[in-house]
Amino acid sequence: MTDKVATLYEPEAQNWFFIEELNDAFDWTELTSKTGAEHFESHGVSQKFAREAIEVGTRINYAQVGGPPICCYSST
C-alpha cells in the first residue's frame, strides 16, 4: 500500500479530479467501504484499542491536544 501512496508524490503522478477514480485505480474499494474501527476489528484488533487509536489520530489531526490552541497563549 505504501508503494501506491508514494506514487502520488512523484513529479509525473496523474492528477485525480474525483476521489472515486483514485479509489478505483488503486483498488481501495474494500478498504474505503468501512470505517477505520470496522477495518481494525475485522483484522483482530480489539474494539477498545481500535477506538482509542482512532481517537488519538483524530485529536492530532484536528490539533485538539487537551488545551487551548497555541494561538491563544499569551507571550507575556
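The hydrophobic clustering, which links ILVMFWY residues whose side-chain heavy atoms are closer than 4.5 Å, places Leu31 and Val5 together. Hydrophobic cluster membership differs between Phe18 and Trp28, with clusters built from Ile, Leu, Val, Met, Phe, Trp and Tyr side chains linked at under 4.5 angstrom.
Residues satisfying the salt bridge (Lys or Arg N to Asp or Glu O under 4.0 Å) test with Glu41, not counting sequence neighbours, are Arg51.
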Kindly determine whether Leu22 and Leu8 satisfy side chain to side chain contact (heavy atoms under 4.5 Å, CB included), including the steps that lead there.
CA-CA 10 Å; Leu22 174 65; Leu8 297 172; 3.8 Å; yes

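Legend: salt bridge (charged side-chain N to carboxylate O under 4.0 Å, His left out) pairs involving residues 27-37, not counting sequence neighbours: none detected.
With values rounded to the nearest 0.5 angstrom, Ser46 atom OG is found 8.0 Å from Glu52 atom CD. Rounded to the nearest 0.5 Å, atoms OG1 (Thr7) and CD (Glu12) are 9.0 Å apart. Of the inter-residue distances, the one linking His43 atom NE2 with Glu38 atom CD reads 12.5 Å to the nearest 0.5 angstrom.
Around the CZ atom of Phe26, the shell of radius 6.0 Å holds more than 12 heavy atoms that belong to other residues, nucleotides or ligands.
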